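Predicted model, so just to flag it, every value in this text is computed and none were measured.
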Amino acid sequence: MSIFFIGIIIYFIGSMIATFFSEKFKVAVLSLFSFVGAVFCLKPAISVLCTGNTISKVFDFNNIFGSVSFSIDALSAFFIIVITVMSLASVIFSKGYLAEYLKLGKNINFHLIFLSMLIASMLLVVTCQNAFAFLICWEIMSLSSFFLVIFENEKKEVLKVGIKYLVFMHVSVLFIMMTFALMSIHSGSFDFNSFKNVLQNNSHLANIVFCLAFIGFGTKAGFVPFHNWLPDAHPAAPSHVSAIMSGVMIKTGIYGILRTLTWIVTPSLLISYAVLIISVISGLYGVLYAISQHDLKRLLAYHSIENIGIIGIGIGVGMLGLAYNIPVIAVLGFAGGILHILNHSIFKELLFLSAGSVYVKTHTRNVEELGGLIKSMPKTALLFLIGSIAICGLPPFNGFVSEILIYFGMFKSLSIHHFVFITIMLFAIAGLALIGTMAILCFTKAFSVIFLGMPRSESTQKVNSDSENSMILPMSFLAVLTLVIGIFPQYAFSFVIKTVNVFTEVNPKIYSEPIELMQFISLYALAFILIVLALVLLKKIVCKKKIAFFETWGCGYNRANNKMQYTASSYASPFLSMLKPLFKKVFDIEKPKKLFPKNAHFSLHVDDIEEEYLIKPLVKYDEWFLSKFESIQSGNIQSYIKYGLGFLVIAIIGSLLIG
């Protein structure tokens, strides 16, 4: 365990040392130290996953909050691997991304320090076994990510989003504190091991604890209806930070929910059903709003909500397997959900980094202003396409593997002959299928509008080269991972099986059937890849000679222009028009008025229903309420002293009355 803490220290030292180097080498130095820190942290985590043993380190703070234990079990080890590998890819990518800001004279010293602080705090969160110390690490994670979100703090809208994010994170930590306080009162300790002993014998308390924990950790994860911060924070942050937040940080919320489950052991049916239903709603909600977005990073942020929903569906199925005491359902549900944590972190980080690559070249996130970038940015286009296929759950990429496991668990669960259960499970199966269908619609829109067709703006027309290698290499690494997991899914399944064993005893006979299915899928996926490569090779052999192109008679048609193609709004409008009750839509239409019109446009804007009908009214009421106390803030020091003395008198009188 000591080697793990050496890795944590290396992260901090690296960020400090990087600040002393010239602007040209700062990120390179941080990347080097991040790589070394990742190696140190990975060693014990891989060892735990291979052996199944747990390693611990105890620090004694008698005068503060007693002994604090840091432990790496199979669950912590899995998250350590995800955090270190994915964060390293984003840190390397940041070299090229931040170069544009360095040219403008932006100081990135504190940004690099907070970046390392975020990675280190996430690693401490998933290993800490003491409630009080956990909250400290959790707050460091939230505050460091807040400062990363407001990197462009000269923009008023970024500061506004940052404050909103901070408010949501403190609402989240309030519920987590309530969870730990309730547990500490009943157990008489802050230690996580004592929580398990209390909850095993008290199902009513277990339900209350899980509900509080789900709200607290679910807010960080982005479950609906606790998601509202997520679509705003991700677009505001730099792309490499968005990649870490979406690919890694929100998974700490999933970790918190899974850790709470380890204390409860066997969840109640009511809680299990609730998790499944909320997850299906989150998945549908996220993908529906993603389809309507024109901001590329906001579109990807809503897909984070969708995929958190898919992860939750897997966890919900696993919980139902535990509640009904059917191991095969529990194993498949948890295996699919946990594997999707890994898969989502890979393809979502790939997509956010690709979006950052596009932004660096075009300086816009509005897909309506893009187009034709496949000609000037072929590498980024290919990598974005791979991420798009993976997130849609299509073979031969990794998203398909975890989703097929979840489907497998849901179909297996239909053997439970209970009307309510079968009804809800059929709803979940249909929901997951609809999520996949809408994801395909969304990413065909995103890829085609951004990379195909003709440029829609001057900024896009000026792009004449792809991003630099420091940005392409980490994206390529992530793309290869999506393919490797898709082609060899049985090894990915074996990778998560020790983690699944934390929740339910895994008998090899239980997963022999899905393993056979995985091997069958991998064989055909590999065959598909080989056929595609063979066709490409055949084309090159056949077309060795230079091909000449000639214009054919176009029946009076001269040439295309950027107005004669689908926009993101027009592409999504037919589908969204069927769902009018679910959206508050704004159509911005200027219809053509003459035979050869000079101006005509169509634009569709969809507002988040929770933002419109809950958050904004709440903020307005809060502003009205606080405005009643504006006179108190006079700026007069004598008045403030008077308030302090008044409070002191009231406190003394109150203590005398109580005494």
### Task
Starting from the C-alpha separation in whole Å, work towards a yes-or-no answer on ring pair (Phe, Tyr, Trp, His ring centres under 6.0 Å) for His240 and Phe93.
CA-CA 7 Å; His240 58 283; Phe93 176 90; 7.1 Å; no

### Task
Might you confirm whether atom NZ of Lys160 has over 12 heavy atoms from other residues, nucleotides or ligands at distances under 6.0 Å?
no

### Message
Check this for me: does any side-chain nitrogen of one of Glu100 and Lys361 sit under 4.0 Å from a carboxylate oxygen of the other?
### Response
no

### Task
Check whether any side-chain N or O of Arg456 sits under 3.5 Å from a backbone N or O of Gly372 as a donor-acceptor pair, and report yes or no.
no

### Query
Is the shortest heavy-atom distance from the side chain of Met438 to the side chain of Leu284 under 4.5 Å?
yes

#### Entry: Chi angles and distances behind the side chain to side chain donor-acceptor pair (under 3.5 Å) call for Glu349, Ser246
CA-CA 7 Å; Glu349 190 153 318; Ser246 179; over 6 Å; no

#### Entry: Residue Lys106 excluded, over 12 heavy atoms near NZ under 6.0 Å
yes

### Query
Under 6.0 Å between the ring centres of Tyr289 and Tyr285?
yes

### Query
For the atom pair NE2 (His344) and CD1 (Ile341), what is the distance rounded to the nearest 0.5 Å?
10.5 Å

### Query
Can you tell me if Thr219 uses its side chain to pair, donor with acceptor, with the backbone of Ser172 under 3.5 Å?
no

### Query
Is the shortest heavy-atom distance from the side chain of Val27 to the side chain of Ile92 under 4.5 Å?
no

## Note on the structure
residues 451-488 vs ring pair (Phe, Tyr, Trp, His ring centres under 6.0 Å), sequence neighbours excluded, gives Phe384-Phe451, Phe447-Phe451

### Task
Ignoring hydrogens and angles, tell me if any N or O in the side chain of Ser282 forms a donor-acceptor pair with the backbone of Gly309 under 3.5 Å.
no

### Task
Compare every heavy atom of Val358 with every heavy atom of Thr380, then report the nearest pair and how far apart it is.
CG2-CG2, 4.1 Å

### Task
May I ask you to decide if Ala237's main-chain N or O and Lys297's side chain share a donor-acceptor pair within less than 3.5 Å?
yes

### Query
Passes side chain to side chain contact (heavy atoms under 4.5 Å, CB included), Phe214 versus Phe223? Steps please.
CA-CA 9 Å; Phe214 189 82; Phe223 281 102; 4.0 Å; yes

### Message
Please verify the inter-ring angle class for Phe79 with Tyr255; under 30° counts as parallel, over 60° as perpendicular, anything in between as tilted.
### Response
perpendicular

## Note on the structure
Nearest heavy-atom approach of Ala479 to Leu383 is CB-CD2, 3.6 Å

### Query
So do the side chains of Asp466 and Pro378 get within less than 4.5 Å of each other, counting heavy atoms only?
yes

### Task
Check step by step if salt bridge (charged side-chain N to carboxylate O under 4.0 Å, His left out) holds for Asp295 and Arg365.
CA-CA 5 Å; Asp295 184 313; Arg365 300 192 307 262; 3.0 Å; yes

### Pairwise side-chain contact, Phe217 with Ile257, heavy-atom cut-off 4.5 Å (strictly under)
yes

### Donor-acceptor contact below 3.5 Å, side chain Asn469 vs main chain Ile472
no

### Task
Check Ala221 against Ile308 and note the closest heavy-atom contact, atom names and distance.
O-CG1, 3.3 Å

### Candidate pair Thr482 and Asn343, rule side chain to side chain contact (heavy atoms under 4.5 Å, CB included), full reasoning
CA-CA 7 Å; Thr482 64; Asn343 288 340; over 6 Å; no

### Query
Nearest 0.5 Å, what's the CG-OG distance between Leu300 and Ser354?
9.0 Å

### Lys/Arg-Asp/Glu bridge criterion (N-O < 4.0 Å) met for Glu152, Lys155
yes

### Spatial distance of atom OG (Ser357) from atom CG (Leu350) [nearest 0.5 Å]
10.5 Å

### Message
Let's go through Phe347 and Asn307 carefully: what are the C-alpha distance in whole Å and the side-chain angles of both, what is the deciding distance for side chain to side chain contact (heavy atoms under 4.5 Å, CB included) to 0.1 Å, and is it a yes or a no?
### Response
CA-CA 11 Å; Phe347 59 64; Asn307 280 275; 3.6 Å; yes

### Query
Are there more than 12 heavy atoms of other residues, nucleotides or ligands under 6.0 Å from atom CD of Glu458?
no

#### Entry: Tyr165 backbone acceptor or donor facing Asp232 side chain under 3.5 Å
no

### Query
Given Phe520 and Tyr524, is the ring pair (Phe, Tyr, Trp, His ring centres under 6.0 Å) satisfied, shown in steps?
CA-CA 7 Å; Phe520 178 79; Tyr524 278 88; 4.7 Å; yes

### Heavy-atom closest contact (Ser145 atom, Leu118 atom, distance)
CB-CD1, 4.0 Å

## Note on the structure
When rounded to the nearest 0.5 Å, the distance separating CD1 of Ile119 from OG of Ser87 is 4.5 Å

### Query
Is there a donor in the side chain of Thr362 and an acceptor in the side chain of Thr460, or the other way round, less than 3.5 Å apart?
no

### Query
Between Phe78 and Lys251, is there a cation-pi geometry (under 6.0 Å to ring centre, at most 45° from the normal)?
no

### Query
Going through the checks in order, is the ring pair (Phe, Tyr, Trp, His ring centres under 6.0 Å) test met by His111 and Tyr101?
CA-CA 12 Å; His111 180 77; Tyr101 293 93; 8.5 Å; no

### Query
Do the non-hydrogen side-chain atoms of Cys392 and Ile389 ever get within less than 4.5 Å of each other?
no

### Message
Checking the side chain of Tyr491 only, and the main-chain atoms of Val484 only, is there a donor and an acceptor separated by less than 3.5 Å?
### Response
no

### Task
Starting at CD1 of Ile254, measure out to NZ of Lys220 and round the result to the nearest 0.5 Å.
12.5 Å

### Task
Mind running side chain to side chain contact (heavy atoms under 4.5 Å, CB included) on Phe495 and Leu342 for me, showing each step along the way?
CA-CA 10 Å; Phe495 174 70; Leu342 172 65; 4.0 Å; yes

#### Entry: Thr444 (side chain) donor-acceptor with Leu441 (main chain) under 3.5 angstrom
yes

### Task
State whether the side chain of Thr252 and the backbone N or O of Val248 hold a donor-acceptor pair below 3.5 Å, judged by distance alone.
no

### Message
Whether the side chain of Arg298 engages the backbone of Pro235 through a donor-acceptor N/O pair (distance < 3.5 Å, no angle test) should be reported.
### Response
no

### Query
How long is the gap from CD on Glu403 to CD1 on Ile311, to the nearest 0.5 Å?
10.5 Å

### Contact check, side chains of Phe35 and Val91, non-hydrogen atoms, under 4.5 Å
no

### Query
Between Pro231 and Ile305, what is the shortest heavy-atom contact and its length?
CG-CD1, 4.1 Å

### Task
In sequence, state the C-alpha distance, the side-chain angles, and the governing distance for Lys164 and Asn228, and then conclude on side chain to side chain donor-acceptor pair (under 3.5 Å).
CA-CA 9 Å; Lys164 180 180 180 179; Asn228 200 263; 2.6 Å; yes

### Query
Are the side chains of Leu483 and Ile386 in touch, meaning some heavy atoms are under 4.5 Å apart?
no

### Message
Ignoring hydrogens, what is the shortest heavy-atom contact between Leu98 and Phe151? Give both atom names and the distance.
### Response
CD2-CZ, 3.9 Å

### Leu353 vs Ser90 side-chain heavy atoms within contact, under 4.5 Å
yes

